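Note that the structure is predicted; figures quoted are calculated from it, not measured. Each chain gets a letter, A, B and so on, in the order its sequence line appears, and its residues count up from 1. Just so it is clear, the values below take in all heavy atoms, side chains as well, and ignore hydrogens, waters and symmetry mates.
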Amino acid sequence: DGGITQSPKYLFRKEGQNVTLSCEQNLNHDAMYWYRQDPGQGLRLIYYSQIVNDFQKGDIAEGYSVSREKKESFPLTVTSAQKNPTAFYLCASSIKGGTTEAFFGQGTRLTVV
Amino acid sequence: RKEVEQDPGPFNVPEGATVAFNCTYSNSASQSFFWYRQDCRKEPKLLMSVYSSGNEDGRFTAQLNRASQYISLLIRDSKLSDSATYLCVVTPTGGFKTIFGAGTRLFVKA
């Protein structure tokens, strides 16, 4: 079955540590996105990528980094520079750009302890 | 002003009721419009696209008003299973950054 997979589902991190969230898709989609969602809030765009080896900052990129070495993969690193990292992180992909439906992974719930 | 604004609700309605959500957007050059549904602690999923002429899918009707820059979602004969958060989604013309509204929470009660 085609889809988009995020791992892990739950992640706990100590303050000051970097952590990487995985996102893999086998839908052959060119575009991939990372969003952050806080309780009772909408989705905020962190980074997006249109093609391999290219990515752009979204609205809240500070304290995060990404890579797009393969079409299928778009990992997100939450660095120690992100002051308030506890949130629900959602990865999505779409055929091209924002004019087509985006498919989401099941999300990673990150908690800083 | 936010690029996409929605009434956060919550909307509390009885089963069988008709409920309508509105969403306004600030960029007049916006091209694509969608409604997504998000269940508690789950990922959003596409409910329906919104076309210029309006479109219907069963109990759900979506409409676009470009002149006033808003889209709407109408749910008829509400079911308990319709309880969720409904996200309005807008993409500007030629743009890549899909913009999500904060969502409107709906509770349908027996």
Query - ILVMFWY network linking B:Val89 to B:Leu46, side-chain heavy atoms under 4.5 angstrom - result: yes
Query raised in the report: With a cut-off of 6.0 Å (strictly less than), are more than 12 heavy atoms of other residues, nucleotides or ligands near CZ of B:Arg105?
Result: no
Requested in this report: Heavy-atom distances under 4.5 Å only: say whether B:Arg41 touches chain A with side chain, backbone, both or neither.
Outcome: both
Residues 9-22 of chain A, side-chain donor-acceptor partners within the protein, below 3.5 Å, at least two apart:
from, atom 1, to, atom 2, distance (Å)
A:Arg13, NE, A:Gln17, O, 2.8
A:Arg13, NH1, A:Gln17, O, 2.9
A:Arg13, NH1, A:Val78, O, 3.4
A:Arg13, NH1, A:Thr79, O, 3.4
A:Gln17, OE1, A:Lys14, N, 3.3
A:Asn18, OD1, A:Ser80, N, 2.9
A:Thr20, OG1, A:Thr77, OG1, 2.9

Query raised in the report: Under a single-linkage definition using a 4.5 Å side-chain heavy-atom cutoff for Ile, Leu, Val, Met, Phe, Trp and Tyr, are A:Ile60 and A:Val66 assigned to the same hydrophobic cluster?
Result: yes
Report task. Would you please go through residues 106-113 of chain A and name the residues with a non-hydrogen atom below 4.5 Å from one of chain B, in numerical order? Result -> A:Gln106, A:Arg109
Query raised in the report: Measuring heavy-atom distances to chain A, does B:Tyr36 have an atom under 4.5 Å in its side chain, in its backbone, in both, or in neither?
Result: side chain
Requested in this report: Rounded to the nearest 0.5 Å, what's the gap from CZ on A:Phe88 to CD on B:Glu43? Could you check?
Outcome: 7.0 Å
Query raised in the report: Relative to chain A, which of B:Pro44, B:Ala102, B:Gly101 shows the most heavy atom pairs under 4.5 Å?
Result: B:Pro44
Requested in this report: Establish, yes or no, whether a centroid distance under 6.0 Å links the rings of B:Phe100 and A:Phe104.
Outcome: yes
Requested in this report: Please state whether the side chain, the backbone, both or neither of A:Phe103 comes within less than 4.5 Å of a heavy atom of chain B.
Outcome: neither
**Report entry** chain B contact via A:Ala102 - which portion, at a heavy-atom distance below 4.5 Å
**Finding:** both
Query raised in the report: Is chain B contacted by the side chain of A:Leu45, its backbone, both, or neither, given a heavy-atom distance below 4.5 Å?
Result: side chain
**Report entry** Neighbour count above 12 (heavy atom, 6.0 Å) for A:Glu72 CD
**Finding:** yes
Query - Approximate separation, where rounding is to 0.5 Å, of A:Glu101 CD and B:Met48 CE - result: 12.5 Å
Report summary line: A:Gln37 meets the side-chain hydrogen bond (donor to acceptor under 3.5 Å, both in side chains) criterion, sequence neighbours left out, with B:Gln38
Query raised in the report: disulfide bond (SG atoms under 2.5 Å apart): which pairs involve residues 21-81 of chain B, sequence neighbours left out?
Result: B:Cys23-B:Cys88
**Report entry** In one Ile/Leu/Val/Met/Phe/Trp/Tyr side-chain cluster, 4.5 Å: B:Tyr86, B:Val19
**Finding:** yes
